Amino acid sequence: MSAPARVPFRNPGWAGNTGEFNLTEADVRGTDFVGERPLDGGHESAAPSYPYMLRDKDPDAVLFEGPYLKRFEKIRTRYPTARAALIPTLNLAQELRGHVSPETMDEVAALLGLASAEVRGTVTFYTMYNKRPVGRFLIQVCTNISCSLCKGEEVLDAFLRHTGTELGETSEDGDFTVIEVECLAACGFPVAVQINSRYYENVLPDDVPALLQRLREHGE
């Protein structure tokens, strides 16, 4: 007797949406209540915590000027040493340029008064930093244990097929770069996919074409 086909687990609601609740995605994410984040970082306490992967990037942008310089200055006030401010400063650089090149590492080192080798060691240690340019949409597909059990590899393959790319390669139109990641800390809602700074949960292979079309048409 053959074993029954395995049906992937699919959580029926958003995080916390169980029992008698009937919350929409907008309710959970608070998208109806969040306005535009000021480029200068707003209050000093919030300046280090901004997203660092946006759709629009400028690889030749100056580090830093205008409101980005104000945010960098606010970041520096939050940390007792330049070394402690390194990661949020790298986040800001990647937000602006889209990746952290060797030249960017040297510029950040000069801004903070650190050795270039120290900055390079930090960038190459963390996978969250892109070492080369990526597409307008950086698609990170989790294939760790929970997501793997729920067709994570098939979801990854669907993104690669429908974007016409290989892992880490950018599509010809410059829109998409697809990579595999170990964990996105959304194990209750596999398969988890992070696109730029937004999470998509419960993703199945058949969802991928519509999701890519949504990105092309609406940018999120």
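Residues take their numbers from the sequence shown, with the count starting at 1. Just so it is clear, the model here is predicted, and its values are computed rather than measured.
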Peer 1: Within this structure, what is the CG-CG distance for the pair Leu211 and Asp206, rounded to the nearest 0.5 Å?
Peer 2: 12.5 Å
Peer 1: Grouping I, L, V, M, F, W and Y whenever their side-chain heavy atoms are under 4.5 Å apart, do Leu90 and Leu39 come out in a common cluster?
Peer 2: yes
Peer 1: Hydrophobic cluster membership, with links at side-chain heavy-atom distances under 4.5 Å among I/L/V/M/F/W/Y: are Leu92 and Val62 in one?
Peer 2: no
Peer 1: Does the side chain of Arg76 reach to within under 4.5 Å of the side chain of Leu112, using non-hydrogen atoms?
Peer 2: yes
Peer 1: We want to know whether Glu153 and Ser148 form a side-chain donor-acceptor pair, criterion being a heavy-atom distance below 3.5 angstrom.
Peer 2: yes
Peer 1: First locate atom CG of Leu86, then atom CD1 of Ile75, and finally report the distance between them rounded to the nearest 0.5 Å.
Peer 2: 11.0 Å
Peer 1: Set out, in order, the CA-CA distance, both residues' side-chain angles and the distance that settles side chain to side chain contact (heavy atoms under 4.5 Å, CB included) for Leu204 and Val191, then state yes or no.
Peer 2: CA-CA 7 Å; Leu204 291 175; Val191 171; 5.6 Å; no
Peer 1: Are there more than 12 heavy atoms of other residues, nucleotides or ligands under 6.0 Å from atom CZ of Arg132?
Peer 2: no
Peer 1: Tell me every residue that passes ring pair (Phe, Tyr, Trp, His ring centres under 6.0 Å) with Phe72, counting only those two or more places apart in sequence or in another chain.
Peer 2: Phe64
Peer 1: Is any side-chain heavy atom of Asn91 less than 4.5 Å from a side-chain heavy atom of Tyr50?
Peer 2: no
Peer 1: Look at atom CD of Glu172 and say whether more than 12 heavy atoms of other residues, nucleotides or ligands are closer to it than 6.0 Å.
Peer 2: no
Peer 1: Under 4.0 Å between a side-chain nitrogen and a carboxylate oxygen: does that hold for Glu65 and Lys70?
Peer 2: no
Peer 1: Are the side chains of Val141 and Val181 in contact, using a 4.5 Å heavy-atom criterion?
Peer 2: no
Peer 1: So, do Val123 and Lys131 sit near enough that their side-chain heavy atoms are less than 4.5 Å apart?
Peer 2: yes
Peer 1: How close do Ala84 and Pro88 get, counting heavy atoms only, and between which atoms?
Peer 2: O-CD, 4.1 Å
Peer 1: In the structure I gave you, are the side-chain heavy atoms of Glu44 and Arg78 within less than 4.5 Å of one another anywhere?
Peer 2: yes
Peer 1: Would you mind checking if Asp60 and Arg97 are paired as a salt bridge, meaning a charged N to carboxylate O distance below 4.0 Å?
Peer 2: no
Peer 1: Taking Asn144 for its side chain and Glu182 for its backbone only, find out whether a donor-acceptor pair lies under 3.5 Å.
Peer 2: yes
Peer 1: Nearest 0.5 Å please: distance from the OH atom of Tyr199 over to the CD atom of Gln140.
Peer 2: 8.0 Å
Peer 1: With a 4.5 Å cut-off on side-chain heavy atoms, are Leu63 and Tyr68 touching?
Peer 2: no
Peer 1: Under 4.5 Å between any side-chain heavy atoms of Leu167 and Leu156, yes or no?
Peer 2: yes
Peer 1: How would you list, by chain and number, every residue that makes a salt bridge (charged side-chain N to carboxylate O under 4.0 Å, His left out) with Glu180, sequence neighbours excluded?
Peer 2: none
Peer 1: Knowing that exactly one of Asn130, Leu54, Val178, Ile195 qualifies, which makes a side chain to side chain contact (heavy atoms under 4.5 Å, CB included) with Leu138?
Peer 2: Asn130
Peer 1: Please determine whether a side-chain nitrogen of the Lys or Arg among Arg71 and Asp40 lies less than 4.0 Å from a carboxylate oxygen of the Asp or Glu.
Peer 2: no
Peer 1: Would a distance-only check, ignoring hydrogens and angles, find a side-chain to backbone donor-acceptor pair under 3.5 Å from Thr177 to Gly168?
Peer 2: no
Peer 1: Just how far is it from atom OG1 of Thr122 to atom CG of Leu114, taken to the nearest 0.5 Å?
Peer 2: 8.5 Å
Peer 1: So, are Glu118 and Arg83 salt-bridged, with charged N and O less than 4.0 Å apart?
Peer 2: yes
Peer 1: Main chain of Arg136, side chain of Asn196: is a donor-acceptor contact present, judged purely on distance under 3.5 Å?
Peer 2: yes
Peer 1: Determine which pairs satisfy ring-ring contact (aromatic ring centres under 6.0 Å, His included) with at least one residue from residues 76-133, sequence neighbours left out, and list them in order.
Peer 2: none
Peer 1: Quick one: does any side-chain atom of Lys74 pair with a main-chain N or O of Gly42 as donor and acceptor, under 3.5 Å?
Peer 2: yes
Peer 1: Mind checking the NE2-CG spacing from His162 to Leu160? Nearest 0.5 Å is all I need.
Peer 2: 10.5 Å
Peer 1: Rounded to the nearest 0.5 Å, what's the gap from CD on Glu217 to CG on Leu212? Could you check?
Peer 2: 11.5 Å
Peer 1: If every non-hydrogen atom of Ala192 is compared with every non-hydrogen atom of Cys147, which pair is closest and at what distance?
Peer 2: N-SG, 3.3 Å
Peer 1: Has the side chain of Lys57 got a donor or acceptor atom that lies under 3.5 Å from a matching backbone atom of Leu96?
Peer 2: no
Peer 1: Under 3.5 Å, side chain of Gln213 to main-chain N/O of Leu215, donor-acceptor pair present?
Peer 2: no
Peer 1: Donor-acceptor pair, distance only, cut-off 3.5 Å: does the side chain of Asp106 make one with the backbone of Glu103?
Peer 2: no
Peer 1: Quick check: does any side chain N or O of Ser171 sit under 3.5 Å from a backbone N or O of Phe176, one acting as donor and the other as acceptor?
Peer 2: yes
Peer 1: Is a donor on one side and an acceptor on the other found under 3.5 Å between the side chain of Gln94 and the backbone of Met128?
Peer 2: yes
